[in-house]
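Note sheet for the following structure.
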2 protein chains.
Amino acid sequence: MTVLTSMQNQPLVAPNNSPMPDNIPGPSFRPLYDQIKILLTQSLIAGEWKPGEAIPSEMDLAARYQVSQGTVRKAIDALAGDNILIRRQGKGTFVATHTEPKHQYRFLRIIPDKGSKDKVHPTTNFIDVKRGKASAEVARALDLKVGAPVTALRRVLVFAGTPIILDEIVLSSVLFPNLTLEKISESRGSIYSFLETGYGLRMIRAEERLRAMAADAAAAAYLLVAEGTPLLCVDRIAFTYGDKPVEWRRGLCLTDGYSYYNELA
Amino acid sequence: MTVLTSMQNQPLVAPNNSPMPDNIPGPSFRPLYDQIKILLTQSLIAGEWKPGEAIPSEMDLAARYQVSQGTVRKAIDALAGDNILIRRQGKGTFVATHTEPKHQYRFLRIIPDKGSKDKVHPTTNFIDVKRGKASAEVARALDLKVGAPVTALRRVLVFAGTPIILDEIVLSSVLFPNLTLEKISESRGSIYSFLETGYGLRMIRAEERLRAMAADAAAAAYLLVAEGTPLLCVDRIAFTYGDKPVEWRRGLCLTDGYSYYNELA
DNA sequence: GAGTGGTCTAGACCACCCC
DNA sequence: GGGTGGTCTAGACCACTCT
């Protein structure tokens, strides 16, 4: 068990009740709730609690870490703010999952221009799944060596009968072995939901870079537009626990009746 | 003074020490810290504390509202999370302002493809300022009547010597009277900083919609590219306190060496 | 009713800033 | 040294969920 160092009050004792050493707070001070947050994250990485499951109650965790409920609370608040945990009053605190309908398209920012800002659930047409080697761009994004084995998936997202997005999704073949079109097609739901249940890897956050570009022949064919049509190019890197990049994706999006919506705070 | 209704404990008393009425919690329960947050926001709207100034200390506010420091703390935490207040340990809590260098380009998401993710500060070339009437699109965005008087400003943002963004910024002439090219040019700093100091209206948040489109003749001329070049079109509505829309803006962005960066959580 | 998260309080002490 | 925000605790009670 890790020994936590508090900022004040009685020194904490490890579960074995050995007295705390004289601990100088150290050069870089870390609040207790931050340390608890890290411990909780480690338990999540270790798979102690799986996506969708409940973690122990605040009182139980407080007892386990020998801190007050309020301190555990603050750690959980932070993780809930990062969409890693979900609190449900009267029921418990749960590990977030992409499988829940509410989080199904958590990272999709394309919405119709007309109507409310409610997200529309598109349908998916898969094109193919291929094995290949990491390009320089993909290698840089996923922290792989150039030429490392990767699996590339292509699909079209159809909104209200109209093909809107052509996605190319690249994953390390080492982390995600034996991906086939069949397995992906069978899995109802989002890619992330499939990766989560199939490989136990949960996407925590993502970075996107957007550009405008002209449709090439392939994109034009899949999106049923003329070559040269301006498309929104959305490059995404998605990360699991520990800021480890595990997915590279390029979406080419027809912004005709649809747009990329973003809130700035 | 507003009477706050607590969820528990002794009923609170108004400053005049009149006893609280028997208050049924009511159909929709509101935590105390939420009510405090609203009161603080109202004070901000009323201009009780101006941008850049310090608000009273947590202890003072706790005394003013007759609640504990912890409750005030939670209200301030929420406002700080919304970038409306800024906490500075040892100094106090301050009203956020666009004038600080750190928040100068708070809403600008265009960054260079190469190099770190540090923001680059562009230089501004103003084109013109014109009076006009609100189009249907602007009227809808700013909650005005079609044809209402508006002031439109155009400018080019230059990154490292290259013109990258052509902006058209539309504001209500009623809310922002007597805008002239001279006054804006003189004001060093961002538009929002200028509006804040000149009109006392602070931008709190913004919504953006992104599309890809081909450059028209005007855009091509200002951005020094061929007509038809794919550009990133960024439509923005910016809001002040109370979710009141006060600025409509369309940025046409050359995504050549630069891209729109976004973090998804 | 028991158990969970959510609110609120009161008080102690720490870290930072400035006089 | 005194003020400010930041951390941590202990305890009380409320709101929600399930049984």
Side-chain angles (χ1 to χ4, degrees), chain A residues 4-13 20 23-38 40 49 53-81 85-96, chain B residues 4-13 20 23-38 40 49 53-81 85-96:
Chain A
L4 303 178
T5 62
S6 170
M7 182 174 162
Q8 68 200 36
N9 289 351
Q10 294 7 292
L12 296 169
V13 293
M20 280 279 282
N23 54 350
I24 304 101
S28 65
F29 159 68
R30 263 240 143 83
L32 247 190
Y33 64 78
D34 249 26
Q35 303 178 48
I36 306 266
K37 182 183 175 186
I38 292 171
L40 290 174
W49 315 299
E53 288 181 8
I55 71 172
S57 75
E58 294 179 353
M59 291 303 280
D60 287 353
L61 290 170
R64 167 186 324 193
Y65 298 125
Q66 297 279 278
V67 298
S68 76
Q69 186 193 6
T71 300
V72 169
R73 190 164 188 71
K74 229 183 151 177
I76 293 179
D77 278 345
L79 290 168
L85 295 178
I86 298 179
R87 325 191 70 139
R88 282 187 221 150
Q89 183 171 153
K91 301 182 73 174
T93 301
F94 298 79
V95 182
Chain B
L4 304 176
T5 61
S6 170
M7 182 173 158
Q8 67 199 39
N9 290 349
Q10 296 5 295
L12 297 168
V13 290
M20 281 279 281
N23 54 350
I24 304 99
S28 66
F29 159 69
R30 262 241 144 81
L32 247 190
Y33 63 80
D34 249 26
Q35 303 178 49
I36 307 272
K37 183 183 174 185
I38 292 171
L40 290 173
W49 314 300
E53 289 181 7
I55 71 171
S57 74
E58 294 178 352
M59 290 303 281
D60 287 353
L61 290 170
R64 167 184 326 192
Y65 297 125
Q66 297 280 281
V67 299
S68 76
Q69 186 193 6
T71 300
V72 169
R73 192 167 187 70
K74 232 185 147 173
I76 293 179
D77 278 345
L79 290 168
L85 296 177
I86 298 179
R87 324 192 70 138
R88 281 185 222 150
Q89 181 169 149
K91 300 182 73 174
T93 301
F94 298 78
V95 182

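Reminder, nothing fancy here: chain letters follow the sequence lines and each chain counts from 1.
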Non-hydrogen atoms of A75(B) and K37(B) that approach each other most closely:
CB-N, 3.8 Å

Taking the nucleotide of DNA chain D with the closest heavy atom to each, which residue, G70(A) or Q69(B), is nearer the 5' end?
Q69(B)

CG on L40(B) to OH on Y65(B), rounded to 0.5 Å
4.5 Å

Who passes side-chain hydrogen bond (donor to acceptor under 3.5 Å, both in side chains) against Q69(A), sequence neighbours left out?
E58(A)

Check each residue of residues 55-63 of chain B for a non-hydrogen atom within less than 4.0 Å of any atom in DNA chain C, then write out the ones that pass by number, or none.
none

All N/O pairs under 3.5 Å across the protein-nucleotides 16-19 of chain D interface:
| unit_1 | atom_1 | unit_2 | atom_2 | d |
| --- | --- | --- | --- | --- |
| dC16(D) | O4' | Q89(A) | OE1 | 3.2 |
| dC18(D) | OP1 | K91(A) | NZ | 3.3 |

Does dT7(D) have its OP1 or OP2 closer than 4.0 Å to a side-chain nitrogen or oxygen of T71(A)?
no

Among dT9(D), dC8(D), dC8(C), which nucleotide has an atom closest to any side-chain atom of S68(B)?
dC8(C)

Between C1' on dA15(D) and CG on L32(B), what's the gap in Å once rounded to a whole number?
15 Å

Please report the distance, rounded to the nearest Å, between CZ in R30(A) and C1' in dC14(C).
18 Å

Nearest-nucleotide pick for P31(A), side chain only, options being dG6(C), dA10(C), dC8(D)
dC8(D)

Does dG6(D) have OP1 or OP2 under 4.0 Å away from a side-chain N or O of R87(B)?
yes

Can you tell me the distance, in whole Å, between the OH atom of Y65(B) and the P atom of dT7(C)?
19 Å

Rounded distance in Å - CD1 (I36(A)) to C1' (dT9(D))
13 Å

Hey, could you give me the CD1/CZ distance between I55(A) and R87(A), rounded to the nearest 0.5 Å?
8.0 Å

So do L61(B) and I76(B) actually touch side chain to side chain, heavy atoms under 4.5 Å?
yes

Below 4.0 Å: OP1/OP2 of dT7(C) and any side-chain N or O of K74(B):
yes

Between R73(A) and dG6(C), does any side-chain N or O lie under 4.0 Å from OP1 or OP2?
yes

Please state how far atom CD1 in I86(B) lies from atom P in dT4(D), giving the value in whole angstrom units.
19 Å

Roughly how far, to the nearest 0.5 Å, is CZ of R64(A) from OG of S57(A)?
11.0 Å

From C-beta outward on T93(B), which listed nucleotide comes closest to its side chain: dC8(D), dG5(D), dG5(C)?
dG5(D)

Roughly how far, to the nearest 0.5 Å, is CD1 of I36(A) from CZ of R73(A)?
14.0 Å

L79(A) and T93(A): CA distance, side-chain angles, deciding distance, side-chain contact (heavy atoms from CB on, under 4.5 Å) verdict
CA-CA 11 Å; L79(A) 290 168; T93(A) 301; over 6 Å; no

Between Y33(B) and dC8(C), is there a side-chain N or O to OP1/OP2 distance below 4.0 Å?
no

